[in-house]
There are 4 protein chains.
Amino acid sequence: MGIPERKNRERNLRKQQIQNAAKELFINKGFHSTTMEEIAQRAELSPGTLYLYFQNKEELYASINLITLQGLFNEIEKIYSNKNLSVEKKIIKLKDGMYKVFKNDPLILRNILHVQLEDTLPALSKELLDELNKISQKSMAMIANVYEEGVRQGKFREGDGMAHADIIWSTFTGLVIWEESKRKINPKKDFLKSTLDRAFDIICQGIKK
Amino acid sequence: MGIPERKNRERNLRKQQIQNAAKELFINKGFHSTTMEEIAQRAELSPGTLYLYFQNKEELYASINLITLQGLFNEIEKIYSNKNLSVEKKIIKLKDGMYKVFKNDPLILRNILHVQLEDTLPALSKELLDELNKISQKSMAMIANVYEEGVRQGKFREGDGMAHADIIWSTFTGLVIWEESKRKINPKKDFLKSTLDRAFDIICQGIKK
Amino acid sequence: MGIPERKNRERNLRKQQIQNAAKELFINKGFHSTTMEEIAQRAELSPGTLYLYFQNKEELYASINLITLQGLFNEIEKIYSNKNLSVEKKIIKLKDGMYKVFKNDPLILRNILHVQLEDTLPALSKELLDELNKISQKSMAMIANVYEEGVRQGKFREGDGMAHADIIWSTFTGLVIWEESKRKINPKKDFLKSTLDRAFDIICQGIKK
Amino acid sequence: MGIPERKNRERNLRKQQIQNAAKELFINKGFHSTTMEEIAQRAELSPGTLYLYFQNKEELYASINLITLQGLFNEIEKIYSNKNLSVEKKIIKLKDGMYKVFKNDPLILRNILHVQLEDTLPALSKELLDELNKISQKSMAMIANVYEEGVRQGKFREGDGMAHADIIWSTFTGLVIWEESKRKINPKKDFLKSTLDRAFDIICQGIKK
DNA sequence: CATGAATGAGGATTCATTCAT
DNA sequence: CATGAATGAATCCTCATTCAT
């Protein structure tokens, strides 16, 4: 205990201070339209200081994603390994969990999709890219397991677990992107939650035996 | 018909020439990473000329999406106004129609998704923005109508038409990008058709009364 | 005649306009302390315009040196290929030729020396770097040949041609900058010509068999 | 002697520690490409500490030159005043002495020439500039005396001492710059010593009566 | 209409220097 | 004395847009 620890803690606090400022701006204005100057201003620091904590703009951007990505994985895993939940409940909970993560960091989905479309927009580091893929694969496998468990329990119609994981995941992402883009045109109306609920209600009905 | 008409026709051709060049670049490189210079080069025109047909970069970008949206929703309209189809069939047909369009021009969806995913574009002219909104709203309204017709016929569960249109549309788009991205990792396996069928089968089951 | 030719001519004029502005600044302030903004201002252009003619600052810098080297190369070649001159005369003439070039454009040597003295060789484009090296090597090779010819004719002492080319070249450049700097303290006295003559007289004596 | 002296001694040691670190970096990377941060790191100090010993970067740079400049002067003087050396030997020794100093601090020549070329790169203080000029003039005078001594002894051809000092000095500096710049392109080959020897061999032959 | 050279505002990044601890 | 985090001015370069031809 002592000075090194405190220093380290303070350093992490500063990083978070910057990440918080950056996150909000990236969400509202996008990667390109957000300037380092703006981030610095919002973080109440000078531009140069940002570079003491992050090598460049892209790394700062990437670091924000990494955090939320871990959050997404954790959320899914928590639900997946909850022994007290029925499979039907688990699917609903999965949706709620993903929604919670997304609400906290709307960037995450955008970035996952950018990676998928091999968009070179922000040149994410190979490290983060691998991390992204690894986590998303692990998450999909867990969702697939939930479905297969339901089939085994005679609750869900026969079907490939992976395919249904794709459906669950795609419905979620598709809705999020769509509602997000609608909110750009009419920022006041946010139907995401209710539409998501309805969609997963339909899915639950649809997959029941 | 006469000189004014010919002039107008020529003007539209030029616009298309520019839009085609821009479209490919925007799709491959994104909005910010594509320069007007590049677009001009690919269109075999000079940068200045672009501004004779489009007020600015953003307007050009928006106009492209207008085209894509129009093509897509023409397909929807065709199915919508087919009097011989039951509402259940219509939903299946909608999926097949959209699938056909995407199979025919896989770039279309990516382009639309790029709109949704791209950083914010502040300076769209009110005119174009309205046009974009009008078309997308009309199209979604058609899908909504199909659902509501189903409700009226006692076939579908009670529910907001618009919300279900969003669900149908989102499920479709979500699945397409997801499967497309998976095919990049394993190009030989194309599960899109079967997964789409399964997803809409689930939806149809799920919305049934 | 024709538009392309005129365009080309104008383009070259612009390049020269920029090079002239840059040359003077680079000479007076060095590479690092000269800003592109300053160059643009002196050339009565905007900063962006410079980049229409030169890829970056370093390329602009290199291009200036290319010009200077080329002038020098031409002079050396003229003497080298003159069949009527004995090797002794050629060495004297080389000195006179270099002196002439220098007198005609006193900036030349300073500029070349700046390349040599500049902190770090700027990351010149491979193209330009090759060109620079090629010319300087060809020039040195010609001087070396003159010496070796003298050796073959039994007039000069045995010795490596290249090493003697270095000596001849270095004596010249060394004297020019030295005398030039002395003239700054006492502008009226110009001993360069006579000191150069004496130096090459000594060299001629010294290399004689 | 006592505490103040020790303090002073320690202070000078710190200064040297910094100068040594800086010297190596300046030699290898040049003035502009060397950062204070790097110097601090190599000196195992913090950036701020550097400013306790030197007002700014340029003064640190200048202080290094002053040291070596004294070394150069001392070397020349030592040879000059050595009663046991013949004038011919003295000229050879002068070359060796200058070479030794240069090898120890390659910056020195670069800086002397920068001054001559009125390069404002590092804004050397007027103090150092005067010191530079004074020392170099004294050194030149000593070299001139050696030549004139040779003339008086009937060993060298008639001629102005100062002019021959210029020739000797210029040949040396010219060769050093030239070989240094060649070594930038091909760092492995270092012909300076042998070419210098040859050059002074030629000069000695050339000035002999 | 078309051109394309020129513009110049703006952004990421660097680094000498300072100052609170 | 020493530290090293923070500063912010300075610089290279880009690119959407304009305008004289």
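Residue numbers begin at 1 in each chain, while the letters A, B, ... track the order of the sequences.
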Nearest-Å distance for atom pair [atom1]/[atom2], residues [X] and [N]:
X     : N      : atom1 : atom2 : answer
C:Y61 : F:dC12 : OH    : P     : 14 Å
B:Y53 : F:dT17 : OH    : P     : 18 Å
B:M36 : E:dA5  : CE    : P     : 17 Å
C:E38 : F:dC12 : CD    : C1'   : 13 Å
C:E58 : F:dT11 : CD    : P     : 16 Å
B:Q55 : F:dA16 : CD    : C1'   : 14 Å
B:Q41 : F:dC15 : CD    : C1'   : 14 Å
C:L60 : F:dC12 : CG    : P     : 11 Å

Next item on the list: Could you pick out which residue, D:L52 or C:G48, lies toward the 5' side of DNA chain F when each is mapped onto its nearest nucleotide?
Entry: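 The residue mapped nearer the 5' terminus is D:L52.
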
Gap separating the [atom1] atom of [X] from the [atom2] atom of [Y], nearest 0.5 angstrom:
X     : Y     : atom1 : atom2 : value
D:E10 : D:L13 : CD    : CG    : 7.5 Å
C:S46 : C:E37 : OG    : CD    : 9.5 Å
B:R42 : B:N20 : CZ    : CG    : 10.5 Å
A:L60 : A:K15 : CG    : NZ    : 9.5 Å

Checklist line | 5'-most by nearest nucleotide on DNA chain E - B:E37 or A:Y51 | finding: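 Its nucleotide being nearer the 5' end, the pick is B:E37.
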
Note to self: Using heavy-atom distances to pick each residue's nearest nucleotide on DNA chain E, tell me which of A:T34 and B:L45 is more 5'.
What the structure shows: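 It is B:L45, whose closest nucleotide lies nearer the 5' terminus.
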
Next item on the list: Taking B:E59 for its side chain and B:F54 for its backbone only, find out whether a donor-acceptor pair lies under 3.5 Å.
Entry: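 Not at all, since once roles are kept as given, no pair shorter than 3.5 Å links the two residues.
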
Checklist line | DNA chain E base-pair string [pairs: Watson-Crick or G-U under 3.5 Å; |: paired with another strand] | finding: .||||||||||||||||||||

[X], nearest nucleotide to its side chain (from [options]):
X     : options               : value
B:T49 : E:dT17, E:dT14, E:dA2 : E:dA2
B:P47 : E:dA16, E:dA5, E:dA2  : E:dA5
C:K57 : F:dC12, E:dT17, E:dA6 : F:dC12
A:N56 : E:dG4, E:dT13, F:dA6  : E:dT13

Notebook entry, point to check: Taking only side-chain nitrogens and oxygens of A:S46, does any of them come within less than 4.0 Å of OP1 or OP2 of F:dG8?
Noted result: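 Answer is no, no contact under 4.0 Å.
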
Notebook entry, point to check: Side-chain N or O of C:R14 less than 4.0 angstrom from OP1 or OP2 on E:dA6?
Noted result: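 Yes, C:R14 has a side-chain N/O under 4.0 Å of OP1/OP2 on E:dA6.
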
Next item on the list: Tell me whether the guanidinium CZ or amine NZ of B:K57 lies under 6.0 angstrom from the six-membered ring centre of B:F31 and within 45° of its axis.
Entry: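 Yes - B:K57 lies over the ring of B:F31, closer than 6.0 Å to its centre and within 45° of its axis.
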
Checklist line | Residues, nucleotides or ligands: over 12 heavy atoms within 6.0 Å of C:E44 CD | finding: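 Atom CD in C:E44 is not packed in, count stays at 12 or less.
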
Next item on the list: Using a heavy-atom cut-off of under 4.0 Å over every strand shown, decide if C:L50 touches base, sugar-phosphate, or nothing.
Entry: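 Nothing, no heavy atom under 4.0 Å.
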
Margin query: Taking any heavy-atom pair under 4.0 Å as a contact, classify B:F54: base, sugar-phosphate, or nothing.
Written below: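 Nothing: the residue B:F54, judged by heavy atoms under 4.0 Å, touches no strand.
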
Notebook entry, point to check: Taking C-beta and beyond as the side chain, do C:L52 and C:R14 meet within less than 4.5 Å on heavy atoms?
Noted result: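 The answer is no, as the side chains (C-beta and beyond) never meet within the 4.5 Å cut-off.
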
